[in-house]
Amino acid sequence: MNISKTQRGRATAAVSLAAVLALTATACGDDGSDSGNEGSGKGEITFWDNNGGPRTAVWKEIIQDFEKKYPDIKVKYVPIPIADVQSKYDTAIAGGGLPDVGGVGTAYLANMVSQEALTPLNDRLKDSSLNGKLVEGMVESVKDAAGRGDEMYTVPTSANNGALWYRTDLFKAAGLDAPTTWAKFYEAAEKLTDAKNNKFGYTIRGGAGSIAQAIDASYGQSGITEFWNGDKTTLNDPKNVAALEKYVALYKKTTPSADVNNDFTKMVAQFDTGTIGMLSHNLGSYQDHLKALGKDKFAGVPNPVGDSGTRVQVSNPVDGLGLFRSSKNKTAAWKFIEFAASHESNSKWNESAGAIPANTEAAKDPWISESAPTELAAKALTDGSTKIVQLPYYLPDWNNISKADNEPEFQKLLLGKVTAKAFLDKMADELNKAQKEWKEIGNG
């Protein structure tokens, strides 16, 4: 009997849970089962940065500011590489050693909430200086991702929205308008392609991370605004099938053939050093483009607008700060979260990262308007002009389904070995089963 990766993921989760229960019964450690205590509000707390390295410098600056304001609290900073953060948390939940505060993204939030590793934050936020000062859409995203109704388990700090980057110099030479609609996107992809001279209108993501981009292109064109219709996903709706067929038809026609293996680093490098007309990636690559091309040769716009006249995009993971149940000094840890998510600190962090602030006051700071792509993305998320399709990050099987289980299938789709309908039907079937199981254990 063949066992799918999704089934293996469920089995692994069950084994992990059993291990957690066993460890809880036999050992004392800083695992998620320990309720911790409020502590004195003084002393040392430990903070895990979930993108250690790229964001280390700005976090150290924020920590220095915090310790100046609260001289009785010291913050031990631990940088965790983004690729290792989920496994690092899982190991600490099972064996002890969780921090007081940690960076937690919505992509793996539900996994941590299901293991009772995080403290619910609604009551703390109600009495906090942050109350009413967080972008509503990001608050809804972290609530939805946790899968516990209206309960919040992280304070959102940023969103790294998707952008369609394009070469303004190439567009101008070809007499093309900015790709603000899907019609203009496809026109530009074709007109900027000269395959014989290694010039292509677009670079498509065929390697790691391909599924989210493909789903975004599907919903963006179809105009469907809900991921679920009752207990069934809309992913394989005929409108999405037609949209995906049109999108993947770009492969090898207006994109390089090597794109079938492209992850984001290869795509960004290709766009920055070659003659690719357009690239779909998030705001995080802005500094790379600026360094390689200069400000006059590229620009970025949010997802193109569909035939309905409405911009539709899937939800991007929202980053946030979580307070761990096992913390022995939750009072001091919460002070750090409040400080890090406050106007000045949140603005400082997001300006460094090129991301969209979660603090509503920070989102109005002058630096936002100095980066046109960030300004447009922030506006798209906050002015009501964009419909967000909330992806089911809360499903325990979501990461398996949206990555390991189906990235190879998407490569088959690009190579013409499966149809868009078969690809989306397979994913939809897996998602419907995962949703049913999630509800059967008392959720939803």
Side-chain angles (χ1 to χ4, degrees), residues 162-164 179 181-190 193 200-229 232-257 259-264 267 278-282 302-308 310-316 386-392 398 400-432 434-435:
L164 178 60
T181 68
W182 283 102
K184 290 178 180 179
F185 164 80
Y186 283 107
E187 178 190 4
E190 185 171 349
T193 296
F200 297 95
Y202 186 59
T203 175
I204 199 167
R205 191 167 185 166
S210 60
I211 303 299
Q213 184 172 305
I215 292 175
D216 199 26
S218 299
Y219 280 96
Q221 294 174 81
S222 72
I224 296 170
T225 58
E226 297 292 339
F227 193 79
W228 298 106
N229 181 10
K232 302 292 183 183
T233 180
T234 59
L235 183 63
N236 60 337
D237 183 282
K239 291 181 180 179
N240 278 336
V241 172
L244 186 59
E245 285 174 342
K246 188 173 183 179
Y247 181 70
V248 298
L250 294 173
Y251 175 63
K252 284 208 305 187
K253 181 183 176 185
T254 62
T255 80
S257 59
D259 280 5
V260 70
N261 295 310
N262 267 3
D263 59 13
F264 85 90
M267 291 167 61
M278 295 178 290
L279 160 74
S280 295
H281 191 241
N282 59 47
N303 238 21
V305 173
D307 293 340
S308 65
T310 301
R311 178 180 292 108
V312 179
Q313 68 174 61
V314 299
S315 55
N316 280 268
T386 301
K387 300 295 184 182
I388 305 294
V389 179
Q390 293 291 344
L391 297 179
W398 170 251
N400 280 332
I401 293 170
S402 64
K403 293 179 181 176
D405 280 4
N406 286 294
E407 284 176 350
E409 293 298 311
F410 185 71
Q411 290 179 317
K412 291 180 185 178
L413 174 59
L414 290 178
L415 295 170
K417 295 180 179 180
V418 297
T419 65
K421 184 177 187 304
F423 171 77
L424 291 177
D425 281 347
K426 176 182 181 294
M427 274 195 71
D429 182 58
E430 292 169 358
L431 286 161
N432 291 337
Q435 176 80 345

Of all the heavy-atom pairs spanning [X] and [Y], show the shortest one and how long it is.
{"X": "Thr193", "Y": "Gly201", "value": "OG1-N, 2.9 Å"}
{"X": "Phe264", "Y": "His281", "value": "CD1-NE2, 3.4 Å"}
{"X": "Gly206", "Y": "Gln411", "value": "O-CG, 3.2 Å"}
{"X": "Pro302", "Y": "Arg311", "value": "CB-NE, 3.5 Å"}

Partner residues of [X] under the salt bridge (Lys or Arg N to Asp or Glu O under 4.0 Å) criterion, sequence neighbours left out:
{"X": "Glu407", "answer": "none"}
{"X": "Asp429", "answer": "Lys433"}
{"X": "Asp425", "answer": "Lys421"}
{"X": "Lys417", "answer": "none"}

Donor-acceptor pair, [X] side chain versus [Y] backbone, under 3.5 Å?
{"X": "Asp259", "Y": "Ile204", "result": "yes"}
{"X": "Trp182", "Y": "Gly306", "result": "no"}
{"X": "Glu409", "Y": "Phe423", "result": "no"}

Which residues share a side chain to side chain donor-acceptor pair (under 3.5 Å) with [X], sequence neighbours left out:
{"X": "Asn432", "answer": "none"}
{"X": "Asn316", "answer": "Asn161"}
{"X": "Tyr251", "answer": "none"}
{"X": "Ser315", "answer": "none"}

State, yes or no, whether a side-chain contact exists between [X] and [Y] at a heavy-atom distance under 4.5 Å.
{"X": "Val418", "Y": "Lys426", "value": "no"}
{"X": "Gln313", "Y": "Thr386", "value": "yes"}
{"X": "Thr310", "Y": "Thr225", "value": "no"}

Legend entry - ring-ring contact (aromatic ring centres under 6.0 Å, His included) involving Phe227 - partner list, sequence neighbours excluded: none

Inset, instruction - Could you tell me which residues satisfy ring-ring contact (aromatic ring centres under 6.0 Å, His included) with Tyr186, sequence neighbours excluded, listed by chain and number? - result: none

Could you give the distance from [atom1] ([X]) to [atom2] ([Y]), rounded to the nearest 0.5 Å?
{"X": "Lys412", "Y": "Asn406", "atom1": "NZ", "atom2": "CG", "value": "10.0 Å"}
{"X": "Thr419", "Y": "Leu413", "atom1": "OG1", "atom2": "CG", "value": "7.5 Å"}
{"X": "Met267", "Y": "Thr203", "atom1": "CE", "atom2": "OG1", "value": "4.5 Å"}
{"X": "Leu391", "Y": "Trp398", "atom1": "CG", "atom2": "CH2", "value": "4.5 Å"}
{"X": "Thr255", "Y": "Leu279", "atom1": "OG1", "atom2": "CG", "value": "12.5 Å"}

Inset, instruction - Kindly determine whether Thr233 and Trp228 satisfy side chain to side chain contact (heavy atoms under 4.5 Å, CB included), including the steps that lead there. - result: CA-CA 4 Å; Thr233 180; Trp228 298 106; 3.8 Å; yes

Legend entry - Neighbour count above 12 (heavy atom, 6.0 Å) for Lys232 NZ: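 Counting neighbours around NZ of Lys232, 12 or fewer heavy atoms of other residues, nucleotides or ligands fall under 6.0 Å, so no.
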
Inset, instruction - Take atom CG of Asp307 as the centre, draw a 6.0 Å sphere, and report whether it contains more than 12 heavy atoms from other residues, nucleotides or ligands. - result: no

Inset, instruction - Begin with the C-alpha distance, continue with both residues' side-chain angles, and end with the deciding distance and a verdict on side chain to side chain contact (heavy atoms under 4.5 Å, CB included) for Met427 and Ile401. - result: CA-CA 7 Å; Met427 274 195 71; Ile401 293 170; 4.0 Å; yes

Inset, instruction - Decide, yes or no, whether a salt bridge links Glu187 with Lys184 under the criterion of side-chain N to carboxylate O below 4.0 Å. - result: no

Review item, side-chain donor-acceptor pairs of residues 212-220, under 3.5 Å, at least two apart:
unit_1, atom_1, unit_2, atom_2, d
Gln213, NE2, Tyr202, OH, 3.3
Gln213, NE2, Tyr247, OH, 2.8
Asp216, OD1, Asn303, ND2, 3.4
Asp216, OD1, Val314, N, 2.9
Ser218, OG, Ala214, O, 2.9
Tyr219, OH, Thr234, OG1, 2.8
Tyr219, OH, Leu235, N, 3.2

Legend entry - Summary of side-chain hydrogen bond (donor to acceptor under 3.5 Å, both in side chains) pairs that have at least one residue in residues 237-246, sequence neighbours excluded: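 Residue pairs passing side-chain hydrogen bond (donor to acceptor under 3.5 Å, both in side chains), neighbours aside: Ser222-Asn240.
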
